[in-house]
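Step one of this worksheet: look at the structure below.
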Amino acid sequence: MAQLPPTIPADPTLEAADRELEARSRREPRRNYLGISAIGHACSRKLWYDVHQPIAEQFTAATLRRFEDGHRSEDLMATRLRMAPGIQLWTVDPDTGKQFECSDFGGRFKGHMDGVILGLRQSKKPHVWEGKSVNNKKFADFKKLKAQYGEKATLEQWDYVYWCQAQAYMGYFDLTRHYITVCTPGVRDWDSARTDFNADAFSKIKEKAQRILESPIPLARVSTNPTWFACKFCVYHSVCHGVDN
């Protein structure tokens, strides 16, 4: 019988660092508003819980490292965009010295935009700028959909949540164009797409936010089947499907 390879013990130092990363995440205050970045989520009931009966989602160290890597990649995209002659990219609101923020319904519906960009070779108009770092598969899907549907329709086909976020930022900041740059981790590969403002979509987004914020009871589930994949892994699975709320 062949000998099994020896078990290599985990590095206790790295494990300690991971546990501290998780502990710091748990200590961060949870936002007390409905986020513009989430409004396009398919399940309004989940968004209702996020606002009215929130459960703090616990992320593993591996997930937190991916989040951090994404933020660093987005910062690097901004740096590289500014290298193009003529590009002006504001990632801080000059009036506040902080990230661009918009809010509605008494501050209960709120979002923070990555920036505003001017000087694109494709257009003379200012654009909302959003940078997204994604895995290789999602990046490949972006490029495939761009080739299939054309640049202006790419974002809606690729990620509806991002598309709703784009429409909301354009509406609240009174801009008519959106420019997303999408990259793989470390910005080894990147691509972009522009999106036009859709006033009807913006109106419906605000109506959805109002329903979520003002409803005294949970809204309809995206599925009544508790084993459906979108429900099975939801942080609210037990409270949503455990009893008939």
Side-chain angles (χ1 to χ4, degrees), residues 21-64 66-68 70-71 93 96 98-114 128 130 132 155-156 158-174 178 197-245:
L21 181 63
E22 292 171 349
R24 292 187 182 188
S25 175
R26 290 193 295 270
R27 292 195 294 268
E28 290 180 358
R30 183 179 175 85
R31 67 186 185 191
N32 59 357
Y33 58 87
L34 175 61
I36 285 176
S37 61
I39 193 63
H41 193 283
C43 186
S44 293
R45 190 181 184 98
K46 178 192 180 300
L47 297 179
W48 187 93
Y49 281 128
D50 279 342
V51 175
H52 299 278
Q53 297 179 18
I55 294 175
E57 189 167 2
Q58 305 299 317
F59 296 108
T60 65
T63 298
L64 293 169
R66 286 196 294 271
F67 289 162
E68 184 177 42
H71 295 318
D93 187 337
T96 65
K98 300 179 181 179
Q99 191 175 13
F100 289 96
E101 179 181 289
C102 58
S103 64
D104 205 346
F105 305 109
R108 298 173 67 205
F109 182 47
K110 187 185 300 185
H112 299 85
M113 180 175 67
D114 285 349
V128 171
E130 289 286 313
K132 303 293 184 184
L155 186 56
E156 185 177 9
W158 181 61
D159 194 304
Y160 186 71
V161 174
Y162 289 165
W163 183 80
C164 288
Q165 182 183 24
Q167 295 300 332
Y169 286 152
M170 282 188 280
Y172 281 119
F173 285 97
D174 197 25
H178 180 275
F197 179 57
N198 184 317
D200 183 57
F202 179 50
S203 178
K204 290 178 179 177
I205 286 168
K206 292 196 293 183
E207 290 171 2
K208 180 180 180 180
Q210 186 172 14
R211 287 195 305 273
I212 292 166
L213 293 170
E214 296 183 356
S215 176
I217 60 174
L219 300 178
R221 302 177 180 93
V222 68
S223 173
T224 58
N225 180 1
T227 64
W228 194 59
F229 76 97
C231 297
K232 187 175 181 180
F233 299 103
C234 178
V235 68
Y236 299 107
H237 182 273
S238 60
V239 68
C240 181
H241 290 280
V243 292
D244 188 16
N245 292 327

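Small disclaimer: the values here were computed from a predicted structure and weren't measured. Every heavy atom of this structure was used, including side-chain atoms; hydrogens, water molecules and symmetry mates were not.
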| request: With sequence neighbours excluded, tell me which residues meet side chain to side chain contact (heavy atoms under 4.5 Å, CB included) with L21. | output: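 Counting only residues at least two positions away or on another chain, L21 forms a side chain to side chain contact (heavy atoms under 4.5 Å, CB included) with A61, L64, R65.
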| Residues in side chain to side chain contact (heavy atoms under 4.5 Å, CB included) contact with S103, at least two apart in sequence or another chain |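 Expected list: K110.
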Do [X] and [Y] make a side-chain contact, defined as non-hydrogen atoms from C-beta onward lying under 4.5 Å apart?
| X | Y | value |
| --- | --- | --- |
| K132 | Y162 | yes |
| I39 | K208 | yes |
| Q165 | I36 | yes |
| F202 | Y172 | yes |
| D50 | L34 | no |

| Counting only N and O atoms by type, is there a donor-acceptor contact under 3.5 Å from the side chain of E156 to the main-chain atoms of W163? | no
| field | Side-chain donor or acceptor of H52 paired with backbone N/O of P216 under 3.5 Å | value | no
| field | Y160 vs C164, side-chain contact (heavy atoms from CB on, under 4.5 Å): CA-CA, chis, key distance, verdict | value | CA-CA 6 Å; Y160 186 71; C164 288; 3.4 Å; yes
Just verifying a value: how many Å separate [X] [atom1] and [Y] [atom2], rounded to the nearest 0.5 Å?
| X | Y | atom1 | atom2 | answer |
| --- | --- | --- | --- | --- |
| R108 | Q210 | CZ | CD | 10.0 Å |
| R31 | S37 | CZ | OG | 4.5 Å |
| T227 | N225 | OG1 | CG | 3.5 Å |
| K232 | H237 | NZ | NE2 | 8.5 Å |
| R66 | T60 | CZ | OG1 | 6.0 Å |
| K204 | Q167 | NZ | CD | 11.5 Å |

| Contacts of H112 that satisfy ring pair (Phe, Tyr, Trp, His ring centres under 6.0 Å) - sequence neighbours left out | none
| task | Count the heavy atoms of every other residue, nucleotide or ligand shown that sit under 6.0 Å from CZ of R24, and state whether that count exceeds 12. | result |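 Counting neighbours around CZ of R24, 12 or fewer heavy atoms of other residues, nucleotides or ligands fall under 6.0 Å, so no.
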| Which pairs, with at least one residue in residues 213-235 and sequence neighbours excluded, count as a ring pair (Phe, Tyr, Trp, His ring centres under 6.0 Å)? | none
| By side-chain hydrogen bond (donor to acceptor under 3.5 Å, both in side chains), which residues pair with S223, not counting sequence neighbours? | none
| request: List in chain and number order the residues that pass side-chain hydrogen bond (donor to acceptor under 3.5 Å, both in side chains) with K206, two or more places apart in sequence or in another chain; answer none if no residue qualifies. | output: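 Not a single residue meets the side-chain hydrogen bond (donor to acceptor under 3.5 Å, both in side chains) criterion with K206.
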So, for [X] and [Y], which heavy atoms are closest and what is the spacing to 0.1 Å?
| X | Y | answer |
| --- | --- | --- |
| D114 | E130 | N-OE2, 2.9 Å |
| C240 | R221 | O-NH2, 2.6 Å |
| L155 | A166 | CD2-CB, 3.8 Å |
| R45 | L219 | NH1-O, 2.9 Å |
| Y33 | G107 | CB-O, 3.8 Å |

| task | Determine whether the aromatic ring centres of F67 and F59 lie less than 6.0 Å apart. | result | yes
| query | Parallel under 30°, tilted from 30 to 60°, perpendicular over 60°: which one fits the rings of Y236 and Y49? | reply | parallel
| request: Dump the intermediate steps for side-chain contact (heavy atoms from CB on, under 4.5 Å) on D93 and E101, then the final yes or no. | output: CA-CA 8 Å; D93 187 337; E101 179 181 289; over 6 Å; no
| said: Does C231 form a side-chain contact (heavy atoms from CB on, under 4.5 Å) with H241? I'd like the steps, not just the answer. | reply: CA-CA 9 Å; C231 297; H241 290 280; 3.5 Å; yes
